[in-house]
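See below for the structure under consideration.
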Amino acid sequence: MTTTGNARARAERHEPAAYEPKWQARWAELRLHDTDLDDTSRERFYLLTMYPYPSGALHIGHWYIVTPTDAIARYKRMHGFNVFLPIGFDAFGLPAENAAIKNRINPRDWTETNMDNMRRQFRSMGATFAWENQLATCDPEYYRWNQWMFTKFMENGLAYRAVSPVDWCPNDGTLAREQVEGVDRKCWRCGAKVEKRELPQWYLRITNYADELLNFEGIDWPEPIRIMQTNWIGRSSGAEVVFKTAASDHHAGGEELRVFTTRPDTLFGATFMVLAPEHPLVGALTAPDRRAEVDAYLAAAAAKTEIDRLSADRDKTGVYAGSDAINPVNGARIPVYVADYVLGGYGTGAIMAVPAHDERDFAFARKYGLPIINVVMPRDADPEAVLESAFTEHTIDEVMVHSGPFTGRPAADAWREIVDWLRSEGLGDDAVTYRLRDWLISRQRYWGTPIPVIHCPDCGPVPVPEADLPVLLPDTVDYQGSGDNPLTRDEAFLAVDCPQCGRAARRETDTMDTFVDSSWYWFRYLAPHNDQGPVDPTLVEQWTPVDQYTGGAEHAVMHLLYSRFFTKAMRDLGLISQNEPFRRLFNQGQILGADGERMSKSRGNTVDPDDLVARHGADTVRLFLMFMGPWDQGGPWSPTGIGGVSKFLGRVWAIATDPHGREPSDPLSGQLPAGETEADARDRMRAAAHRTLRDVTVDYEGFRWNTMVAKLMELSNVLWRYRGTSVAGLPEWDEAVRLMLLMLAPAAPHITEEIWSRLLEARGEPWESIHVQRWPEVDERAVVEDTREIPIQVNGRLRDKVTVDVGISEIELEQIVVARDKVIAAIGAGKVVRIIHAGGKLVNVVVRG
RNA sequence: GGCGAAGUGGCGGAAUGGCAGACGCGGCGGUCUCAAACACCGCUGGGGGCAACCUCGUGUGGGUUCGAAUCCCACCUUCGCUACCA
């Protein structure tokens, strides 16, 4: 039956609010997306997205991460995979504690309230999480195993306590080095200025795994993340060389002074030594008459780490200690300086300074009038030339000078030869140094996993025995309105007997960095309530490594590196057999505020997803976020354009629910396009649907959401044009509509489910969710075309187009091309040299003269 | 300073060696309406031309190629990360 002008009035308006909550409830009721982890009949797919911090409410950034991830899950299910998409909360951490202090409540209550709200919001986006497996890290059921693993780490030498200068945030307490951001050294979480303090703290020995962490074999991670981790680990290979201190009036000499260098070939050019201010020999080597000056310098250097280092005028400063060292290769006596451009924590904390071949040493030598001796020079250069800047080349084109027995050797070879010689003399050897430091996990906070250690006056730090775990965080704490750790005042918590000797002892009050929690949580998702161990070995074997991980790139050298370390350490403890946590990693970009700044409550540039959902519906918000641009790019938030997506879904709705409807204000509505037969139209609908299916499948596989949505818009535009015409409702129409809905289902799950159920009902068929349907197959025959339009270029410039049969031979095509008026005109007086056929896609006539 | 990513209409972006600007927003014109909103239809990179069409055009300058937004070299700009690592 054909409808007429008033069709629109009769068609039902598209009203997402009328069906979205209904389907969310229905899916939950049917447990449509709980994962049967023991189902071995289907291929498994572990899809993981970074769990959120329960800050109170989801913001649009969470949607930006989760929505496409959910679409991946749905898409994979349509391909028959048993998909596991868990969710949980990174529930320990400072904001809960701050809120607790401010509002005089328990952090646990604040956190629980927030998690409830965020669970509700996740449901409102239609995300298909495996809620049965959810976890929260503040649950003793979870953090118990942090503690258990910590004690195992202790037993295996992977956890230790040490006193060293640590980065200290006035709010967060100690920080790992990677949690200090920027030149001005701000805390990564609260932005406060970070200071240095000497404290006994707990470390995890990540450096044991430095070399293995440099190997990314077998994992498909974005290049930038691999580069960042590689740089962070910062492996340098060189040599360690043993200098000796020289005897002087105040000092007997003869002590070893080890240096690390990546340029052992320049050893003969060392004209002074530099110790870091923290170097243990500074005191002993300082001459009495230099003492005042050196002490002043040390004090200034210590202050400098706290003062703005940006103004760090790069200018090299230092002070002569009043002692000398002996260069082992030539016995030369060289002065020992103390300078803060040498870092205490890297290498040996001491360097041999070769001003001729190191820019920093050069600047220092210039400033303090120290000798500069060339030892590596270009072949033709004058060895006595006075350098204007450090000469740092050392390839095969350079040659050694002023280098004793090595003079004249190619610089590239001298490196090896000198190290070999040092080794044979017992004066040095190959050495490797890393920038990576051990991971400092102590935090002087309440709201975290208590470090399970008991300090005994006799036995020292003793791990809490397994049977006594978990060490529970006391629920009632007194903040006294201050930010310091209330555990240090909680006598009930503190007082404990030593598990070894039974005498009165005290508990450790530090808690763990929350990055410990996130370093293994994906293993726990598989068996969140397992009380036999941290992980279920069988499920871990079957389900990990994670097939696909999605989340932000800001964790490149923190979470993503710690997780790799934990996986390897857990492997070495015999808990798992995997080497790597995440097979494939995708870093989506960040949604910024409309002002281009990072979204934050304090800036007032956040976007409330609940509000958008109320106005446009969840599917529109999901699709709009996917349509914005490439997923790995992110960008400033701009709501202009959300109406376009809404309009698209409205058209999908109208096409599917009212195929015979016509647009009263379009005089051509209801008529086939001019010159098109019904048979043409039927072919075109099929071709469009199957071509879209072919292309959209590729987009889904590559997470190219924006082009995926664009192609579905194109398909809807084709169908829109045929709506109300004589081909609407024919089998080809129905097929195209069906394909469009299936392709759209992972991205816009509600509207497709609603339409799907209506279509089934209209046909008198029983309901079955669109989300358990199989992804359709492309019919290649539908995509094949009889004719094709070929662009014609003359000398690379577009001049004409011609429509020809697909099977036409190149010779026939050339005859047609050169006979075209526009081509003849473009050739003019020139001569056709050759004709390029670009794989049937284009013809280019090359003309000369 | 180092490492990484990116520069395409008014805007988000598409095209990764073959028709630049898909798709969408915005804008302009129109239909519907008493009117507005919604919806719908058409046009929309710059310049020239009544028009067919011509011409310029993907940060800048060179190069490779029959053909370059795409590959190579140099430079400029923006954004991330890093910051004396011997």
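Reminder, nothing fancy here: chain letters follow the sequence lines and each chain counts from 1.
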TODO: Report the nucleotide, chosen from B:C19, B:C84, B:A83, that has the shortest atom-to-atom distance to any side-chain atom of A:Pro791.
DONE: B:C19

Open item on the list: Whether A:Asp358 and A:Arg263 form a salt bridge (side-chain N of Lys/Arg under 4.0 Å from carboxylate O of Asp/Glu) is what I want to check.
Closed with: no

- [ ] Give the rounded distance in Å between these two atoms: CD1 of A:Ile642 and P of B:G26.
- [x] 12 Å

Task: Candidate nucleotides B:C40, B:C66, B:A86, ranked by approach to the side chain of A:Ile836 - the nearest - done: B:C66

Open item on the list: With a 3.5 Å limit on both atom pairs, tell me what B:A5 is paired to, counting Watson-Crick and G-U wobble, or say none.
Closed with: B:U78

Open item on the list: Need one value for A:Asp361: base, sugar-phosphate or nothing, where a base atom within 4.0 Å counts as base even if backbone is also close, heavy atoms only.
Closed with: nothing

Open item on the list: Roughly how many Å apart are B:C41 and B:C32, using the C1' atom of each and rounding to a whole number?
Closed with: 11 Å

Open item on the list: Please classify the nucleic acid contact of A:Arg235 as base, sugar-phosphate, or nothing, using heavy-atom distances under 4.0 Å.
Closed with: nothing

Open item on the list: Starting the side chain at C-beta, find the nucleotide from B:C40, B:A14, B:G18 nearest to A:Pro630.
Closed with: B:A14

Task: Contact under 4.0 Å: A:Tyr434 side-chain N or O vs B:C85 OP1/OP2 - done: no

- [ ] Identify whether NZ of Lys or CZ of Arg in A:Arg226 sits under 6.0 Å from the centre of the six-membered ring of A:Trp221 and within 45° of that ring's axis.
- [x] no

Task: Shortest side-chain distance from A:Gln793, nucleotide among B:G67, B:C23, B:C85 - done: B:G67

TODO: Check whether the side chain of A:Lys316 and the base of B:C84 form a donor-acceptor pair under 3.5 Å.
DONE: yes

- [ ] Kindly point out which of B:G13, B:A83, B:C19 is positioned nearest to the side chain of A:Leu798?
- [x] B:C19

Task: Given RNA chain B, 5'-ward residue of the pair A:Gly635 and A:Arg651, judged by closest heavy atom - done: A:Gly635

Task: For the student: nearest non-hydrogen atoms of A:Arg437 and A:Ile206, plus distance - done: O-CG2, 3.3 Å

Open item on the list: Using the ring centroid of each side chain, check whether A:Phe624 and A:Trp637 are separated by less than 6.0 Å.
Closed with: yes

TODO: Rounded to the nearest angstrom, tell me the gap between atom NE2 in A:His837 and atom P in B:G17.
DONE: 22 Å

Open item on the list: With nearest nucleotide decided by heavy atoms, which residue, A:Ala838 or A:Ala350, maps closer to the 5′ end of RNA chain B?
Closed with: A:Ala838

Open item on the list: I want to know whether A:Phe515 and A:Trp439 have ring centres closer than 6.0 Å.
Closed with: no

TODO: Round to the nearest Å and state the distance from A:Glu278 atom CD to B:C85 atom C1'.
DONE: 14 Å

Task: Pair assignment for B:C34, Watson-Crick or G-U wobble, requiring both distances under 3.5 Å - done: none

TODO: Determine the Euclidean distance between corresponding P atoms of B:G57 and B:A20; express it in Å to zero decimal places.
DONE: 13 Å

- [ ] Report yes or no: is the cationic atom of A:Lys316 (NZ for Lys, CZ for Arg) under 6.0 Å from the centre of the six-membered ring of A:Phe364, at an angle within 45° of the ring normal?
- [x] no

Open item on the list: Does B:C66 have its OP1 or OP2 closer than 4.0 Å to a side-chain nitrogen or oxygen of A:Arg834?
Closed with: yes

Open item on the list: If we count only N and O atoms by modelled type, under 3.5 Å, do the side chains of A:Glu814 and A:His837 hold a donor and an acceptor together?
Closed with: yes

TODO: Assign A:Arg799 to base, sugar-phosphate, or nothing according to its heavy-atom contacts below 4.0 angstrom with the strands shown.
DONE: sugar-phosphate

TODO: When you get a sec, tell me which of B:A20, B:A14, B:G67 is the closest nucleotide to the side chain of A:Thr707?
DONE: B:A14

TODO: When you get a sec, tell me which of B:C40, B:A86, B:G18 is the closest nucleotide to the side chain of A:Glu663?
DONE: B:C40

- [ ] Find the partner of B:G26: check Watson-Crick (N1-N3 plus N6-O4 or O6-N4) and G-U wobble (N1-O2, O6-N3) distances, both under 3.5 Å, and reply none if neither fits.
- [x] B:U44

Open item on the list: Checking contacts here: which listed nucleotide (B:C19, B:C85, B:C40) is nearest the side-chain heavy atoms of A:Leu343?
Closed with: B:C85

TODO: May I ask you to check whether A:Tyr434 and A:Tyr346 place their ring centers less than 6.0 Å from one another?
DONE: no

Open item on the list: OP1 or OP2 of B:C56 versus the side-chain N and O atoms of A:Arg797: is any pair under 4.0 Å?
Closed with: yes

Task: Test side-chain hydrogen bond (donor to acceptor under 3.5 Å, both in side chains) applied to A:Tyr297 and A:Thr317, step by step - done: CA-CA 9 Å; A:Tyr297 185 79; A:Thr317 61; 2.9 Å; yes

Open item on the list: Between B:C66 and B:G17, how many Å separate the two C1' atoms, rounded to a whole number?
Closed with: 12 Å

Open item on the list: Categorize A:Val833 for me: base, sugar-phosphate, or nothing, with a 4.0 angstrom heavy-atom threshold over every strand shown.
Closed with: nothing

- [ ] Could you measure between the two C1' atoms, the one in B:C71 and the one in B:U16, and give it in whole Å?
- [x] 10 Å

- [ ] Using the P atom on both, measure B:C40 against B:C25 and round to a whole Å.
- [x] 10 Å

Open item on the list: Does A:Arg226 reach a base, just sugar-phosphate, or nothing at all? Heavy atoms under 4.0 Å.
Closed with: nothing

Task: Integer-rounded Å distance: B:C85 P and A:Tyr346 OH - done: 9 Å

Open item on the list: Please tell me if A:Trp720 has a side-chain N or O lying less than 4.0 Å from either OP1 or OP2 of B:C41.
Closed with: yes

Task: Closest to side chain of A:Val846, choosing from B:C41, B:A86, B:C66 - done: B:C66

Open item on the list: Does B:G2 have its OP1 or OP2 closer than 4.0 Å to a side-chain nitrogen or oxygen of A:Asn231?
Closed with: no

Open item on the list: Tell me if B:G46 is syn or anti. Syn = glycosidic torsion within 90° of 0, anti otherwise.
Closed with: anti

Task: Value in whole Å for how far the C1' atom of B:U82 lies from CD of A:Gln229 - done: 15 Å

Task: Length of the NZ-P vector between A:Lys711 and B:G13, whole Å - done: 17 Å

Open item on the list: I'd like to know if the side chain of A:Ser646 and the backbone of A:Gly643 have a donor-acceptor N/O pair within less than 3.5 Å.
Closed with: no

Open item on the list: Salt bridge check, A:Arg820 against A:Asp800: does any charged N sit closer than 4.0 Å to a carboxylate O?
Closed with: yes

Open item on the list: In whole Å, I'd like the distance from the CZ atom of A:Arg788 to the P atom of B:C19.
Closed with: 13 Å

Open item on the list: Surrounding NZ of A:Lys367 (heavy atoms of other residues, nucleotides or ligands, distance under 6.0 Å), is the total greater than 12?
Closed with: yes

Atom pairs under 3.5 Å, N or O on each side, protein against nucleotides 47-52 of chain B: can you list them with distances?
none

Open item on the list: Any base atoms under 4.0 Å from A:Glu714, or only sugar-phosphate, or nothing? Heavy atoms, all strands.
Closed with: sugar-phosphate

Open item on the list: Any side-chain N or O of A:Lys647 below 4.0 angstrom from OP1/OP2 of B:C25?
Closed with: yes

Task: Closest to side chain of A:Arg435, choosing from B:A83, B:G18, B:A86 - done: B:A83

Task: Spacing between A:Met626 atom CE and B:G13 atom P, to the nearest angstrom - done: 17 Å

TODO: Examine B:A6: is either OP1 or OP2 under 4.0 Å from a nitrogen or oxygen in the side chain of A:Gln633? Give yes or no.
DONE: no

Open item on the list: Under 4.0 Å, heavy atoms only, any strand: does A:Trp637 hit a base, just the sugar-phosphate, or nothing?
Closed with: nothing

Open item on the list: Applying a 4.0 Å non-hydrogen cut-off, can you work out what A:Asn706 is touching in the nucleic acid: base, sugar-phosphate, or nothing?
Closed with: sugar-phosphate

Open item on the list: Work out how far the C1' atom of B:A68 is from that of B:G18, and round it to whole angstrom.
Closed with: 10 Å

